[in-house]
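Whatever order the structure lists them in is the order used to number ligands and atoms, beginning at 1. Positions are given from 1 along the sequence.
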Amino acid sequence: MVSGPNFETIAEARMLLTLGCDCVGMSMVPEVTVAKHCGLRVLGLTLVTNKVSLDYSREEKVNHDEVLEICKMRAELLQKLVSTLIGRCQQNINTH
Ligand SMILES: O=P(O)(O)O[C@H]1O[C@H](CO)[C@@H](O)[C@H]1O
Ligand SMILES: Nc1nc2[nH]cnc2c(=O)[nH]1
């Protein structure tokens, strides 16, 4: 996790990769921290939207519009996933 609001620099991205990170975000950890503080049980779901830049010579840079575009493309799929998960949780509650 990085605190944002900016995306990580290439140097930071390389450091995260060296540390063994597969994925990086900004929101999940603070959101989970607040939810746990409120006594909620938490399941985190993440949509990976973009590749992090690791190379100074590459032209393309990560930007928020790209993130939003991928989110829109995957919204329906995520809605189905969440609906299925909630359905299975309800089944589990009813049978136990
Ligand atoms: O950590 P995630 O959920 O990827 O969110 C972060 O990534 C997005 C940046 O495009 C912003 O919404 C920021 O809050
Ligand atoms: N830290 C970080 N958060 C993101 N959220 C969506 N894309 C990214 C990214 O490239 N880096």
Side-chain angles (χ1 to χ4, degrees):
M1 186 215 113
V2 297
S3 59
N6 56 298
F7 292 109
E8 48 285 339
T9 62
I10 290 173
E12 287 167 336
R14 288 179 174 181
M15 177 190 71
L16 292 166
L17 187 65
T18 303
L19 290 173
C21 294
D22 297 313
C23 206
V24 60
M26 302 175 199
S27 315
M28 174 82 79
V29 172
E31 287 166 1
V32 170
T33 303
V34 173
K36 292 302 289 181
H37 184 72
C38 296
L40 299 173
R41 294 173 68 196
V42 177
L43 168 67
L45 298 172
T46 291
L47 175 68
V48 177
T49 53
N50 58 280
K51 283 189 174 176
V52 170
S53 297
L54 289 164
D55 187 347
Y56 289 102
S57 65
R58 283 185 60 184
E59 287 292 310
E60 68 265 29
K61 298 273 179 282
V62 178
N63 66 76
H64 187 58
D65 288 340
E66 179 190 1
V67 173
L68 292 180
E69 191 186 319
I70 301 297
C71 287
K72 277 188 199 146
M73 280 171 60
R74 297 293 180 216
E76 203 175 315
L77 206 67
L78 284 175
Q79 282 165 8
K80 283 185 188 150
L81 175 65
V82 172
S83 298
T84 304
L85 274 172
I86 290 172
R88 293 209 181 148
C89 288
Q90 282 166 344
Q91 277 174 7
N92 205 22
I93 288 167
N94 293 339
T95 54
H96 290 95

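The shortest distance between side-chain heavy atoms of M1 and S27 does not fall below 4.5 Å. For the pair N63/N50, no side-chain contact is recorded, criterion being any heavy-atom separation below 4.5 Å from C-beta on. L45 places none of its side-chain heavy atoms less than 4.5 Å from the side chain of L78. Contact annotation: the side chain of V2 approaches that of L16 to within less than 4.5 Å [non-hydrogen atoms, C-beta and beyond].
Among all non-hydrogen protein atoms, the one lying nearest atom 3 (O) of ligand 1 is S27 OG, 3.2 Å. The protein heavy atom nearest to atom 5 (N) of ligand 2 is F7 CE2, 4.3 Å. Protein heavy atom nearest atom 3 (N) of ligand 2, with residue, atom name and distance: G25 CA, 3.4 Å. Residue, atom and distance of the protein heavy atom nearest to atom 1 (N) of ligand 2 are E8 OE1, 2.7 Å.
By the rule that hydrophobic residues join a cluster once side-chain heavy atoms approach within less than 4.5 Å of another member, V52 and M26 end up as members of one cluster.
Below 4.0 Å from some heavy atom of F7 lie the following atoms of ligand 1, by number and element: 9 (C), 10 (O). Within the listing of ligand 2, atoms 6 (C), 7 (N), 8 (C), 9 (C), 10 (O) sit less than 4.0 angstrom from a heavy atom of N50. Near G25, meaning under 4.0 Å from one of its heavy atoms, ligand 1 places the atoms 1 (O). In the vicinity of T49, heavy-atom distances shorter than 4.0 Å reach the ligand 2 atoms 6 (C), 7 (N). Set against the non-hydrogen atoms of V67, the atoms of ligand 2 under 4.0 Å away are 6 (C), 7 (N). Heavy-atom proximity to V67, at under 4.0 Å, picks out these atoms of ligand 1: 10 (O). Of all atoms in ligand 2, listed by their number and element, those nearer than 4.0 Å to a heavy atom of V2 are 1 (N).
Summarising the contacts of atom 12 (O) of ligand 1 with H64, M1, M28, M26, the nearest heavy atom is found in H64.
Heavy atoms of other residues, nucleotides or ligands lying less than 6.0 angstrom from NZ of K72 number 12 at most.
Judged purely by atom type and a 3.5 angstrom limit, N94 uses its side chain to pair as donor or acceptor with the backbone of Q90. Looking at R74, its side chain never comes within 3.5 Å of a backbone N or O of L47 through a donor-acceptor pair.
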